[in-house]
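Below: one structure, written as structure tokens.
Below, read A as the first sequence line, B as the second, and so on, with proteins coming before strands; counting in each chain starts at 1.
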Protein chains: 2
Amino acid sequence: MPRPSSVRDAVADLLRRGGRHAWSIEELHQELVASGRPADPSSVFRAVSYLHDRGLVARVMVDGKARYEVAGAHHDHVRCEGCGALAPLPGCALERLEPEVTAGTGFSITGHQLIFSGRCPDCREDGG
Amino acid sequence: MPRPSSVRDAVADLLRRGGRHAWSIEELHQELVASGRPADPSSVFRAVSYLHDRGLVARVMVDGKARYEVAGAHHDHVRCEGCGALAPLPGCALERLEPEVTAGTGFSITGHQLIFSGRCPDCREDGG
DNA sequence: GTCCGTGCAAATGCTTTGCAGCTCT
DNA sequence: AGAGCTGCAAAGCATTTGCACGGAC
């Protein structure tokens, strides 16, 4: 039986609280340190891996780097090319496409990852 | 003016020939070696970067690793969870969604990356 | 001669693992 | 005592960069 795990609990806390849409290991780590619950990055990694293995946390690969968020209702993302901000999309219009993809490719589709890219409102002003 | 570049030309050749849907640096490198045009991986990297900068090559991040393909008509991909095979999808039903995304998020959308995951026909048989 | 392309080697950045110590049961 | 969690340190991997040589203009 799992024993009290300060790091894991703190990580799960942060993810659940969701002040951000998808956390990198480093962001989680820094937030922990900032909130007075210092933890080693590798422990944070183990925490999210643990949670991911149990299906409690979803892993999103953004630009080659791993980000984590609570595994709730599936949603896709928009990423700002300017500042890297990642915003969630409300719904998912794609699941209904999966049967088509199966028919078209012979693959049995189990999921997908979609990331739109563009410029967030702030960066639109910056860059023109 | 660009000078004859054996590596770059060979890489562009491979990509154009398209015996594969998206090449990793390593695959390009190995194919070059196999076809008697040895080149250093870093030169291959520089080649694809060069081509990418000029918009001739599209870069697809698959599972945290970079893959490259000719920048022709936009298409998305399906990736097999079993063997990692990457297959292209014929069309793109997503571009028409971009306006919605813009409206919903305030981001100005410039593109997207979609990768379905599932199991390819071979792996369906293997795994059940 | 100068500039570009290449190979070689190493740095970088992030993920992942090994190991030893400590805590909780 | 036994098992799990953590910190520390280092290994792995793929990408990326520095440097010096050699050929093309």
| query | Along nucleotides 10-21 of chain D, 5' to 3', which nucleotides get a B, which get an S, and which get a -, given that the test is a protein heavy-atom distance under 4.0 Å? | reply | -----SBBB---
| Nucleotide C/dT15, atom C1' - distance to CG of A/Asp53 in whole Å | 14 Å
| With A/His77 via side chain to side chain donor-acceptor pair (under 3.5 Å) - residues at least two apart | A/Glu69, A/His75
| Between P of C/dT15 and CG of A/Leu28, the distance in whole Å | 11 Å
| query | For the pair made of CZ in B/Arg8 and P in C/dT6, what is the distance, rounded to whole Å? | reply | 6 Å
| said: Between C1' on C/dT16 and CE on A/Met61, what's the gap in Å once rounded to a whole number? | reply: 13 Å
| Given atom CG of A/Asp63 and atom P of C/dG13, what is their separation to the nearest angstrom? | 14 Å
| message | Considering only residues two or more places apart or on different chains, which pairs with a residue in residues 56-67 of chain A satisfy side chain to side chain donor-acceptor pair (under 3.5 Å)? | response | A/Glu27-A/Arg67
| task | Using only side-chain N and O atoms of B/Ser43, determine if any of them is under 4.0 Å from OP1 or OP2 of C/dG5. | result | no
Contacts under 3.5 angstrom, residues 101-109 of chain A side chains, donor-acceptor by atom type, not counting sequence neighbours:
unit_1, atom_1, unit_2, atom_2, d
A/Thr102, OG1, A/Glu98, O, 3.2
A/Thr102, OG1, A/Phe107, O, 3.4
A/Thr105, OG1, A/Val101, O, 2.8
A/Thr105, OG1, A/Phe107, N, 3.1

| If you look only at pairs with a residue in residues 43-56 of chain A, which of them pass as a salt bridge (Lys or Arg N to Asp or Glu O under 4.0 Å), with sequence neighbours excluded? | none
| query | Between C/dC3 atom P and B/Tyr50 atom OH, what is the distance in whole Å? | reply | 17 Å
| Residues forming a side chain to side chain donor-acceptor pair (under 3.5 Å) with A/Thr110, sequence neighbours excluded | B/Glu81
| message | Going by side chain to side chain contact (heavy atoms under 4.5 Å, CB included), name the residues that satisfy it together with B/Val70, two or more places apart in sequence or in a different chain. | response | B/Leu15, B/Arg16
| Can you name the residues that form a ring-ring contact (aromatic ring centres under 6.0 Å, His included) with A/Phe116, not counting sequence neighbours? | B/His112
| Members of residues 31-40 of chain A that approach DNA chain D, where some heavy atom sits under 4.0 Å away | A/Pro38, A/Ala39, A/Asp40
| field | Single hit among B/Ser42, B/Pro38, B/Ser43 for side-chain contact (heavy atoms from CB on, under 4.5 Å) with B/Val7 | value | B/Ser43
